[in-house]
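First up is the structure itself, then whatever we jot down about it.
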Amino acid sequence: MPETPCQNLQLLLVDNIRDKLHPIRISLKYAILERDLKPRTNVASLDNFPVLNQDQSTEQIVEVDFKKECGADNVCRSNLHMEYEYLGENNETLPRVNGSQILHYEPSVNKVTLRVVITNAPSPTSPADDAHEAMLNISFPDELIFSSSRSCNFDGTILCNLGNPFRRSQKAEVNVTFEVKGITLRTRELTTRLQLSTSSKQENLEEQNADFLVDYTLETLLSVNPVHRQTYFGGKVMGESAMKTAEDVGSPLNFTFKVINRGDPLNNLGSLVLAVDWPYEVANGKWLLYPTEVVVDTGNVTRCHPPGHIINPLNLTLENRRRRREIVESIDVPTLPAIKREKPNTVLKCRGGGANCVRFKCPLDNMQKSASITVKARVWNSTFLERGTINPSVGLHYWWITDRWIECGWKEQQNSI
């Protein structure tokens with residue numbers, strides 16, 4: 001028999017090989033080297049032409065496994081799980097309402113960060129073997145713009161390499177920062193999709209939605225004119241049934257609220273609403289400030305008629321033809337020194353301060369950048385004459401909200417009467 005020398009072959013692995021879960025297959029094929037026949041006149045001996053047994057394979061395959069932390073059957077069963085939360089610009093966790101995180105957005109807000117924590121912890125149903133080629137895929141909505149991430153790459157979608165392998169009991173944190181300049185008044189909720197993947201065996205890797213709600217805060221300013229208003233009372237006591245016109249009630253008292261929207265116009269998305277706590281009577285049920293009319297000017301002048309017949313409830317005739325000088329001259333106003341000798345000052349306020357208040361709301365429909373709301377009223381002359389009160393102060397509360405019930409602010413104003 002011919003000699004059969006052995007050869008040693010050295011195999012090298014390429015750098016950064018990703019698939020370490022499946023074995024390397026080494027295939028060995030063999031065949032008989034056929035010699036060239038020389039022309040001859042006699043019959044050649046068949047001993048010089050051996051053949052292989054056709055019932056035997058001419059290929060041998062050897063599988064070499066990578067060293068890995070897997071089960072006795074060499075199958076890796078991972079147990080990847082993730083939890084997420086959103087952070088504000090100062091890395092504070094966004095607040096939650098009914099389990100959902102809320103971003104209180106205003107135009108000065110620039111960024112939000114998504115934090116995802118991934119674990120591979122053992123459980124009664126999974127040994128948490130190494131998770132090979134562990135990846136996190138993040139898809140985000142158009143309202144968000146990818147800004148930065150230390151551990152992920154962005155190319156249309158965000159891909160985060162968690163490790164190869166991601167070992168048992170390992171924990172990783174992924175932070176992705178987004179710009180939020182795509183948020184508008186129409187934005188109510190934003191959803192980012194998270195998908196874990198691994199070449200190890202795990203059947204419960206379903207896509208998860210990372211949601212947060214958007215609470216859009218309008219940039220609005222509210223002011224009132226006048227800040228302090230001095231008015232008067234005097235004359236004779238007149239019963240409610242005897243009054244026919246608004247002038248019969250007493251001296252006029254008007255407040256004008258100026259609302260400025262410094263953000264985007266609401267258009268058809270909703271309306272701002274001005275809400276006022278109005279001191280309409282004193283604690284004993286006597287009239288205090290009688291509201292006669294509310295005029296709303298958003299570029300289109302309208303009248304506000306809140307439900308409950310709050311404005312001009314006695315249906316008095318509104319006469320605006322007489323000049324203020326004529327009205328003043330028709331009222332007998334006592335001199336200030338004479339009144340001061342009778343009784344001291346009295347302060348009337350809403351919420352337990354001697355005045356009963358009623359709340360009414362007026363929508364600012366079709367408002368673009370500004371609006372003015374004028375509340376016209378009359379001082380109930382007879383009440384002050386009966387009480388003998390001089391120079392009282394009446395508290396007036398007001399604030400503004402949108403139809404989405406976002407409170408923009410409130411202010412308490414003391415108005416001298």
Side-chain angles (χ1 to χ4, degrees), residues 8-29 57 59-87 113-142 144-178 190-212:
N8 294 324
L9 299 178
Q10 184 177 9
L11 304 179
L12 300 178
L13 294 178
V14 297
D15 292 335
N16 300 322
I17 185 169
R18 289 195 56 80
D19 187 2
K20 299 179 182 179
L21 182 63
H22 300 96
I24 298 176
R25 294 169 59 90
I26 301 177
S27 173
L28 174 64
K29 294 183 179 180
S57 175
E59 180 183 14
Q60 292 185 9
I61 298 177
V62 176
E63 293 186 347
V64 179
D65 291 304
F66 287 93
K67 184 178 180 180
K68 52 184 179 290
E69 296 294 332
C70 296
D73 56 0
N74 208 32
V75 176
C76 289
R77 296 175 175 84
S78 60
N79 191 34
L80 294 177
H81 288 279
M82 61 180 167
E83 296 180 353
Y84 71 88
E85 64 177 358
Y86 286 96
L87 309 177
T113 298
L114 172 65
R115 173 181 292 168
V116 184
V117 177
I118 303 97
T119 59
N120 186 26
S123 70
T125 58
S126 175
D129 295 329
D130 289 351
H132 289 263
E133 298 181 275
M135 300 286 293
L136 173 62
N137 185 304
I138 303 176
S139 301
F140 55 91
D142 295 337
L144 301 180
I145 302 173
F146 175 79
S147 177
S148 63
S149 178
R150 294 183 178 180
S151 53
C152 304
N153 297 317
F154 174 67
D155 185 12
T157 60
I158 302 173
L159 291 177
C160 309
N161 186 358
L162 303 178
N164 189 25
F166 191 80
R167 299 194 179 278
R168 178 189 289 117
S169 300
Q170 187 175 344
K171 182 178 180 180
E173 180 179 300
V174 171
N175 292 284
V176 181
T177 300
F178 300 98
L190 294 179
T191 299
T192 300
R193 300 192 303 274
L194 309 177
Q195 178 65 67
L196 285 171
S197 63
T198 177
S199 56
S200 296
K201 187 175 181 179
Q202 186 171 343
E203 298 178 353
N204 60 345
L205 290 178
E206 298 180 353
E207 183 180 82
Q208 295 187 29
N209 290 335
D211 306 324
F212 68 89

Check: Step by step, would you call Leu205 with Leu80 a side chain to side chain contact (heavy atoms under 4.5 Å, CB included)?
Finding: CA-CA 8 Å; Leu205 290 178; Leu80 294 177; 4.1 Å; yes
Note to self: What verdict does the side chain to side chain contact (heavy atoms under 4.5 Å, CB included) test give for Leu196 and Met135, after you've listed the backbone C-alpha separation in whole Å, the side-chain angles of each residue and the deciding distance to 0.1 Å?
What the structure shows: CA-CA 6 Å; Leu196 285 171; Met135 300 286 293; over 6 Å; no
Next item on the list: Would you sort out whether Gln202 and Asn204 count as a side chain to side chain donor-acceptor pair (under 3.5 Å), showing the intermediate values?
Entry: CA-CA 6 Å; Gln202 186 171 343; Asn204 60 345; 2.9 Å; yes
Note to self: For Ile61 and Ile26: C-alpha separation, side-chain torsions, deciding distance, then whether side chain to side chain contact (heavy atoms under 4.5 Å, CB included) applies.
What the structure shows: CA-CA 6 Å; Ile61 298 177; Ile26 301 177; over 6 Å; no
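Pairing each heavy atom of Tyr86 with each of Ala210, the nearest pair is OH-O, 2.8 Å. The minimum heavy-atom distance linking Thr192 with Ser139 is given by the pair CG2-O, 3.2 Å. Shortest non-hydrogen contact noted between Arg168 and Asp130 is N-OD1, 3.4 Å. In this structure, Thr191 and Asp211 approach most closely via the heavy-atom pair OG1-OD1, 2.7 Å. When every heavy atom of Asn120 is checked against every heavy atom of Ala131, the shortest pair comes out as ND2-N, 4.0 Å. The nearest pair of heavy atoms linking Ser126 to Asn79 is OG-CB, 3.3 Å.
Taking 4.5 Å as the limit, every side-chain heavy atom of Leu194 sits out of range of all side-chain heavy atoms of Glu207. Contact of the Arg193 side chain with the Ile138 side chain is not registered, since no non-hydrogen atoms from C-beta on lie closer than 4.5 Å. Two residues are said to be in side-chain contact when any heavy atoms from C-beta on lie closer than 4.5 Å; Glu83 and Val116 fail this criterion. Phe178 is listed as a side-chain neighbour of Leu114, based on a closest heavy-atom distance under 4.5 Å. Contact annotation: the side chain of Leu136 never approaches that of Ile158 to less than 4.5 Å [non-hydrogen atoms, C-beta and beyond]. The shortest distance between side-chain heavy atoms of Asn175 and Arg150 does not fall below 4.5 Å. Counting heavy atoms from C-beta on, the side chains of Gln208 and Met82 come closer than 4.5 Å. For the pair Glu203/Lys201, a side-chain contact is recorded, criterion being any heavy-atom separation below 4.5 Å from C-beta on.
Distance alone, capped at 3.5 Å, places no donor-acceptor pair between the Asp129 side chain and the Cys76 backbone. Thr198 contributes a side-chain N or O that, together with a main-chain N or O of Ser200, makes up a donor-acceptor pair within less than 3.5 Å. Looking only at distances, a side-chain donor or acceptor of Asn164 sits under 3.5 Å from a matching main-chain atom of Glu133.
With sequence neighbours left out, Phe154 forms a ring pair (Phe, Tyr, Trp, His ring centres under 6.0 Å) with Phe140, Phe146.
Summarising the local packing, CD of Glu63 is surrounded by more than 12 heavy atoms from other residues, nucleotides or ligands at distances under 6.0 Å. When the shell of 6.0 Å around CG of Asp142 is examined, it contains 12 or fewer heavy atoms from other residues, nucleotides or ligands. Other residues, nucleotides and ligands contribute more than 12 heavy atoms inside 6.0 Å of the CD atom of Glu59.
Under the salt bridge (charged side-chain N to carboxylate O under 4.0 Å, His left out) criterion, no residue pair touches residues 151-164, with sequence neighbours excluded.
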